[in-house]
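What follows is one structure encoded as structure tokens, with my remarks underneath.
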Amino acid sequence: MKLWVYVIIFLLLLPLQASLFGPLSLGGIAPDLGLAVLYCIGLLTGPVEAAFAGIALGLLQDLGSGSLIGFSGLTLGIIGLFIGFLGRRVLDIQSPSNSIFIGLFGIAGSVLAALFLELTYGSVPLLGLFLVRMVPRAVTTALAGYGILRLVTDKHVLALIRRRELQKEL
Amino acid sequence: MPGFFEKNRSVIAVLVLFLILFWLVTIQVKAGRFTVLEKPVLAVSGFFERIITGTYRGIASIGSRYILLVRTERENRRLAGEVGQLRLESQITNELLAENERLRAALDFKKLHPPSSVMVQIIGKDASLSSSTMTVNKGSLAGIDRDLAVITPDGVVGRVQAVLPGSARVQLLTDPGSTIAVRVQRNREEGLLEGKLDRCALKYVSYYVDIQEGDLLVTSGLDGIYPKGLPVATVTKVRKHEASSFQTVYADPVVKLSRIEEALVFKK
């Protein structure tokens with residue numbers, strides 16, 4: 001994908017996540033839109049591009065949220081890399097099983113973050129966080145991610161992408 | 001060998017970036033977080049958040065605000081704000097009364113005025129798991145500055161972390177980087193309340209200190225950020241370990257942080 005497409009997606013993603021999903025969240029649990037989009041990028045591009053996209057998105061999240069700069073970049077970069085590797089083995093890009101993988105990646109990212117916080121600040125209630133925050137968040141992210149994946153991998157959109165790629169090759 | 005690097009240039013670049021990021025994080029853990037580029041991102045993000053939130057709230061309020069009894073709703077909002085302010089004043093007054101009784105014994109009292117405050121609307125909430133922040137719709141133009149206390153009539157929300165002319169970022173009390181000087185309202189024991197993402201924990205509480213589940217923690221004013229006597233959190237779990245000289249105390253914020261729409265920023 002072109003750089004300007006990423007810039008637009010990421011710049012819109014942060015405020016959309018912060019403002020729209022805030023009021024629409026259920027009991028304070030909102031889907032992780034960044035991860036959902038990263039999953040789509042990983043499946044449609046590849047490990048290296050997804051890793052770069054994850055790093056860029058994570059850095060923007062760090063700057064916007066006031067957390068340690070580089071932490072989300074590192075986490076999302078690693079997750080993007082793995083999504084890209086997984087993408088090479090996914091046969092049906094529109095299969096509902098993708099939602100399970102999105103959920104699992106969501107939990108993996110949250111567990112990484114929580115472990116880091118436990119090591120840095122200590123006494124983080126890991127089990128409570130896992131049950132109350134990580135799992136519900138992973139479920140909502142899986143649903144949102146699958147919705148986005150269906151949307152961007154719609155036959156018409158894919159045909160458009162392929163046509164442009166063919167034009168480029170010619 | 002050069003062929004290998006040439007062939008795997010992108011992969012190597014990703015790995016190098018990972019190492020750089022890891023190094024950046026470890027530096028910040030020791031020396032405190034960097035604030036570089038923070039303001040431009042906050043400005044861009046705040047701009048879009050304002051548009052999106054404004055549109056969302058605009059659509060949501062069409063039914064309630066214009067079709068259904070415009071005047072009644074306006075009056076309701078005014079009264080709700082007034083009730084909130086009164087509840088806040090009442091809480092401050094209760095704390096002041098308790099303090100007054102203690103001070104009266106020593107025949108020394110001072111006149112306290114409630115600090116002036118700015119009403120702000122929440123236009124964005126951070127979604128990352130490693131931090132808890134939110135964006136508000138007013139900034140330095142409204143007199144908001146860094147490290148000012150943000151509260152609701154129910155209690156403490158957090159403090160201002162970064163400021164722009166038209167918006168500001170608030171670090172919630174559940175953020176891992178947040179520390180608030182508190183006191184147990186029942187017996188005046190002091191402690192430091194740290195954010196633990198979805199709850200808080202009282203730090204360095206001696207094994208012998210009397211803390212019970214249900215105890216209300218109020219600000220002690222010792223950190224110079226929060227005014228004295230504001231409700232912060234309620235103790236939910238107390239664990240004593242035989243091997244440790246400290247006890248683990250968890251507390252839940254009194255303010256439902258996921259449901260706040262407006263808050264007050266206390267000016268010093």
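Worth saying up front: this structure is predicted, and the values here are computed from it rather than measured. Within every chain, numbering begins at 1; the chains are lettered A, B, ... in the order of the sequence lines, protein sequences first and strands thereafter.
A/Gly70 and B/Val25 get closest at one heavy-atom pair: C-CG2, 3.6 Å. B/Ala13 approaches A/Phe52 most closely through the heavy-atom pair CB-CZ, 3.9 Å. Among all heavy-atom pairs drawn from B/Leu21 and A/Gly73, the shortest one is CD1-C, 3.7 Å.
With contacts defined as side-chain heavy-atom distances shorter than 4.5 Å, the pair B/Leu24/A/Leu68 does not qualify.
Counted within 6.0 Å of OH on B/Tyr207, heavy atoms from surrounding residues, nucleotides or ligands total more than 12; the atom is thus considered enclosed. Atom OH of B/Tyr204 sits in a sparse spot, with 12 or fewer heavy atoms from other residues, nucleotides or ligands closer than 6.0 Å. Within 6.0 Å of CZ on A/Phe82 lie no more than 12 heavy atoms contributed by other residues, nucleotides or ligands. Around atom NZ of B/Lys240, more than 12 heavy atoms belonging to other residues, nucleotides or ligands sit under 6.0 Å away.
The CD atom of A/Glu118 lies 7.5 Å from the NZ atom of B/Lys196; values are rounded to the nearest 0.5 Å. With values rounded to the nearest 0.5 angstrom, A/Asp62 atom CG is found 8.0 Å from B/Gln28 atom CD.
At a heavy-atom cut-off of under 4.5 Å, chain B is reached by A/Leu74, A/Gly77, A/Ile78, A/Leu81 from residues 74-81 of chain A, listed in order of number.
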